[in-house]
Amino acid sequence: MIDNLYRWYPVYTNSRAEKKAYQELQRKHIECYLPLKKEWKQWSDRKKLVEEPLFKSYIFVRISNREQAEVLMTQGVSRFLYFSGKIAVMPDKQMEDLKLLMASGEELEIIEHELCEGEKVIVNAGPFKGMIAELVAIKNKKSLVLKLENLGYAIQVKTSMAYIKPLK
């Protein structure tokens, strides 16, 4: 059934093509949203503040069912996301909240996995790279309590949650 109701849909893009797909969708006059965060990047000769997508390989489009094919024919767009066999829809309230968060200027960090207390973890970046520990507590997103394997001590570590991955 085709309806004229406009909804927000998450769209998966080709790798590192979020900005290009966003520009192409805008060129086609399709309402879209690409949340960007500012991040310092270090090269061998300089440091620069750049805008990176908040969600890697995702942008959001607000379209009716009729425009789905046009979105898929856009350079850089790979596919729609599906949930339970249907194209995933983002509630308007969630999109408003996301835009409000982005406008706040707060430093946001995306964590791609759920961590639980008692779980074995490995630190895969930063000054504690390679450390294997048990996650004892999450004080906040930047301060964790880790129990080191062979020492029997728990240490509060200030590191990004994005640096911690479950040990497989």
Open item on the list: Could you measure the distance from the CG atom of Asn14 to the CZ atom of Arg16? Nearest 0.5 Å is fine.
Closed with: 13.0 Å
TODO: Starting at CG of Asn124, measure out to CD1 of Ile164 and round the result to the nearest 0.5 Å.
DONE: 7.5 Å
Task: Inter-residue atom distance Leu54.CG - Glu18.CD, 0.5 Å rounding - done: 11.0 Å
Open item on the list: A quick test of your reading: do over 12 heavy atoms of other residues, nucleotides or ligands sit less than 6.0 Å from OH of Tyr12?
Closed with: no
Open item on the list: Using modelled atom types and a 3.5 Å cut-off, is there a donor and acceptor pairing between side-chain atoms of Lys19 and backbone atoms of Glu51?
Closed with: yes
- [ ] Please report the closest heavy-atom contact between Pro10 and Ala88, naming both atoms and the distance.
- [x] CD-O, 3.4 Å
TODO: Would you give the length of the straight line joining atom CZ of Phe60 to atom CD of Glu31, rounded to the nearest 0.5 angstrom?
DONE: 13.0 Å
Open item on the list: Between Gln23 and Lys20, is there a side-chain heavy-atom distance shorter than 4.5 Å?
Closed with: yes
Open item on the list: Could you work out, with salt bridge (Lys or Arg N to Asp or Glu O under 4.0 Å) as the rule, every residue matching Lys28, not counting sequence neighbours?
Closed with: Glu70
Open item on the list: I want to check something: taking the side chain as every heavy atom from C-beta on, are Leu167 and Val121 in contact at a cut-off of under 4.5 Å?
Closed with: no
Task: N-O pairing of Arg27 and Glu24 below 4.0 Å - done: yes
Task: Trp8 CH2 to Leu98 CG distance, which is reported to the nearest 0.5 Å - done: 9.5 Å
Task: Ser57 side chain reached by Thr13 side chain, heavy atoms, under 4.5 Å - done: yes
- [ ] Determine the minimum heavy-atom distance between Tyr33 and Met102, stating which atoms define it.
- [x] OH-CG, 3.3 Å
- [ ] Could you tell me the separation between the CD atom of Gln42 and the NZ atom of Lys47, rounded to the nearest 0.5 Å?
- [x] 5.5 Å
Task: Shared hydrophobic cluster, Leu101 / Met90 (ILVMFWY, side-chain heavy atoms < 4.5 Å) - done: yes
- [ ] Taking Glu67 for its side chain and Ser64 for its backbone only, find out whether a donor-acceptor pair lies under 3.5 Å.
- [x] yes
Task: Residues that, via side-chain heavy atoms closer than 4.5 angstrom, fall in one hydrophobic cluster with Val71 - done: Tyr9, Val11, Tyr22, Leu25, Ile30, Leu34, Leu36, Ile59, Val61, Ile63, Leu72, Val77, Phe80, Tyr82, Ile87, Val89
Open item on the list: Do Pro53 and Tyr58 make a side-chain contact, defined as non-hydrogen atoms from C-beta onward lying under 4.5 Å apart?
Closed with: no
